[in-house]
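Structure record follows, encoded as structure tokens.
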There are 2 protein chains.
Amino acid sequence: MNPESLSPAEPAAATGASSRAEPTAATRDAAPTDPTTPPASPFPHAATLHDVARDAGVSLATASRVLNGSERKVAEAFRERVERAAEALGYTPNMSAQATARGRSPIIALLVADIADPYFGQIAAGVARGADERGLVVTISITERDQDRENRILRALRGQRPQGLILAASRADRSDDTGVAGSAPSELEAFERYGGRVVAFGDRPDVGGEGRGARSIVIDNAGGAEALGRRMAALGYRTAIGIGAAEGVRTSDDRLGGFARGFVAGGGTVARIHRGDFRRESGASAMTEALAEGVEPGTLVFGMSDVVALGAISAIRAAGRQVGTDIAVCGFDDVSASSDVSPSLTTVRVPLNEAGYQAFRAVVDEDWTQDPLPVEVIVRDSTPGVA
Amino acid sequence: MNPESLSPAEPAAATGASSRAEPTAATRDAAPTDPTTPPASPFPHAATLHDVARDAGVSLATASRVLNGSERKVAEAFRERVERAAEALGYTPNMSAQATARGRSPIIALLVADIADPYFGQIAAGVARGADERGLVVTISITERDQDRENRILRALRGQRPQGLILAASRADRSDDTGVAGSAPSELEAFERYGGRVVAFGDRPDVGGEGRGARSIVIDNAGGAEALGRRMAALGYRTAIGIGAAEGVRTSDDRLGGFARGFVAGGGTVARIHRGDFRRESGASAMTEALAEGVEPGTLVFGMSDVVALGAISAIRAAGRQVGTDIAVCGFDDVSASSDVSPSLTTVRVPLNEAGYQAFRAVVDEDWTQDPLPVEVIVRDSTPGVA
DNA sequence: CTGAAAGCGCTAACAC
DNA sequence: GTGTTAGCGCTTTCAG
């Protein structure tokens, strides 16, 4: 572009490079009229480092050094020429090539149950934010809460040779250590064995944990739920119904257990627990079930997650009952929909975006210690209290 | 594992391979006691194709042929040995290496404004579903609705040499063709020039469109909104207030325009329009603004998107007004929160997940034509109608 | 400080 | 059908 700069046609000659006329470069650019030129490929190739080096009249090594972070110094004159050439050609380093050469990819793999679920959406946003800061790329996979699927994905993910793996799959991270269920643990170990870091939400599904990895983002489910239970009791509620996931699912157990502890401490009783999974529909059907068994006015329903609580609310409405003074409801997470429902949902706020960000940091920062994630009870209109 | 199978220590010798003792393989595995063995790297390397070939006693080419889809036939005996060796070593092809060698990566890059927003979350889910079916990987980037950021990201994305790019960034896809604002268009052209496909939601931000790409997922915003407008008029509403994005933003213009057309056709009038962007807060402040100017009971508010409408609802509540008979509200998209609010939100349902899936197909299928995405008016409680 | 050359792990002609 | 051998685009010793 700049007329002062090297003519794109012969900079190589200008700097005297005798061995630069390898067949590749030559056939590709030097002689457009050369009859041996292979038929043009369907699309032009993106500029390569080779092109930049040639145009700048420097070696591949030098071009690489100035363009892609190397600590080695390059003379200002050369540096400039390389930068100019790169600019002119619109050069962008080929990530895959760099990855193969360096032996490590810039990928962070994120595994979620369902990216359309606001819970995971927020976590993903946090992860993406971190990755962006560090120039890393995040790939996303959906488990659909299916253990087999998750295992298959994990297997396939190894192909990416990701720098790290973030598991926010709400898997049945059962506390019973028999690694029997699913081959995931060994798959995860494989990840770490070759240097990848695995960070899980909740507890690591595998036992042991002496691997260099074994990092996990823990949310104070029990504590938050206990505070919520106590607060609800203070509002005058005396009997509660819990809606949770299957027994053995950590997050659910912790929240249900914590809530019960607090609620009982405050003088209440958890009458019974209905179980399903983390989806909205599950919350709705559990609630329907509960209603069928009979729910006294003034009862409080604790949904193990907001999404589930939201499902419960819709079931309560569908049954012609009122949410609030008739049947009170509270949840956990504080996803954004919770403040939109009406009556707005009482819940425990969890900084999900921050949690995702921390998960990212746990993957990339060698020295890392979790900052505790503050959980906070937020009382809204769905639990007006009993007179 | 199977005692009957080849001893892992000497299968290569068993098949007589003379040239197989290149320094690399040799130093890496053959002589653990060899004093010239380099100090062990921090982590063991993942098994390479080379390892598999050696253990199976075949050439690299053969191993490659059986393990990674090649059409060329390989004798059953060899195929089995290779598979066994791969299995035993836990081999997984290195995606980056394959990408460099093949000259094309398995990546589909998805660009969204905000992954925590349910609108984009659903689209992302659809994209991920498609990618999973085809064994492709999707990377995700967040524009935060910032044009500069989007351009930077686009630039960086080129490094991934993605097979395709899906733009669901709700960018200011202004209809004024002056490509002046932002260098994005040229960046997109660059993508297509080297063979990548660009698929955009709404219309392509660049002009022309004769590139082989120029595919876009169009949602019938005008039509859906018009139907909604007509329906609202039929419910008896006579005056409406619109909440949209800045003038010139396609999606917003189309929805606002379509709504007005239908509403007016039905006998109503759109009194005025307040503008902001696609975020919830924006909807809330626009509504607050509207309320300050005075909103008669019986007025209908049309939020250009559900998220915005949800924001408006919260503002209405905050102002001590009632949603429904006092001030009616309707939106567009039918994100899941819309059925959870109370009163539930009247809206136009858009199959977002399906749209994401189609976007994926548009990227990978050479012959592709968009299946029309059915939009459907869904009347709920937020527009009870006027007596 | 620069450049030549040997890889990284895998693919794809091209020979045998 | 199988193996050899160049690459792919980039990094990184190792000599100068």
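Here is how names work: the chains are called A, B, and so on, in the same order as the sequence lines, proteins then strands, and each is numbered from 1.
For B:Arg361, the side chain to side chain donor-acceptor pair (under 3.5 Å) partners at least two apart in sequence or on another chain are B:Tyr357, B:Asp365. Among residues two or more places apart in sequence or in another chain, the side chain to side chain donor-acceptor pair (under 3.5 Å) test is passed with B:Arg155 by none. With sequence neighbours left out, A:Thr62 forms a side chain to side chain donor-acceptor pair (under 3.5 Å) with A:Ser59. Residues satisfying the side chain to side chain contact (heavy atoms under 4.5 Å, CB included) criterion with A:Arg149, sequence neighbours excluded, are A:Ile142, A:Glu144, A:Asp146, A:Arg152, A:Ile153, B:Asp132. Shown here are the side chain to side chain donor-acceptor pair (under 3.5 Å) partners of B:Thr139, two or more places apart in sequence or in another chain: B:Gln160. With sequence neighbours excluded, the residues satisfying salt bridge (charged side-chain N to carboxylate O under 4.0 Å, His left out) with A:Glu83 are A:Arg79.
Fit an axis to the five pairs at each end of the helix from C:dC1-D:dG16 to C:dC16-D:dG1 and the two axes sit 40° apart, to the nearest 10 degrees.
The distance from atom CZ of A:Arg79 to atom C1' of C:dC1 is 12 Å, rounded to the nearest whole Å. Residue B:His45 contributes atom NE2, which lies 16 Å from atom C1' of C:dC10 at whole-angstrom precision. Rounded to an integer number of Å, the gap from A:Lys73 NZ to D:dT12 P is 17 Å. Distance CG (B:Leu49) to P (C:dA12): 12 Å, rounded to an integer number of Å. For the pair A:Arg161 CZ and C:dG9 C1', the computed distance is 9 Å after rounding to whole Å. D:dT4 atom P lies 11 Å from atom CZ of B:Arg65, rounded to whole Å. Taking atom CZ on B:Arg102 and atom P on D:dG7, their separation rounds to 20 Å, with Å as the unit. The separation between A:Leu60 atom CG and C:dG7 atom C1' is 13 Å, rounded to whole Å.
B:Asn68 has no side-chain polar atom (N or O) that falls below the 4.0 Å cut-off from OP1 or OP2 of C:dC10. Contact between the side-chain N/O atoms of B:Thr62 and the OP1/OP2 oxygens of D:dT2 is not found at any separation under 4.0 Å. When the side-chain nitrogen and oxygen atoms of B:Ser64 are compared with OP1 and OP2 of C:dT11, one or more of them lie within a distance under 4.0 Å. The side chain of B:Gln98 places no N or O atom within less than 4.0 Å of a non-bridging phosphate oxygen (OP1 or OP2) of C:dG9.
Between B:Glu76 and B:Arg81 there is no salt bridge, since no side-chain N of the basic residue sits under 4.0 Å from a carboxylate O of the acidic one.
Under the salt bridge (Lys or Arg N to Asp or Glu O under 4.0 Å) criterion, the residue pairs touching residues 157-168 of chain B are B:Arg158-B:Glu187, with sequence neighbours excluded.
Looking only at distances, a side-chain donor or acceptor of A:Arg215 sits under 3.5 Å from a matching main-chain atom of A:Ala362.
Side-chain atoms of A:Ala101 lie closest to C:dC8 of the nucleotides C:dG3, C:dC8, C:dC10.
A heavy atom lying under 4.0 Å from DNA chain D marks none of the residues of residues 89-97 of chain B.
Nucleotides of DNA chain C nearest to B:Ala61 and B:Thr100 differ in position, and the one nearer the 5' end is that of B:Thr100.
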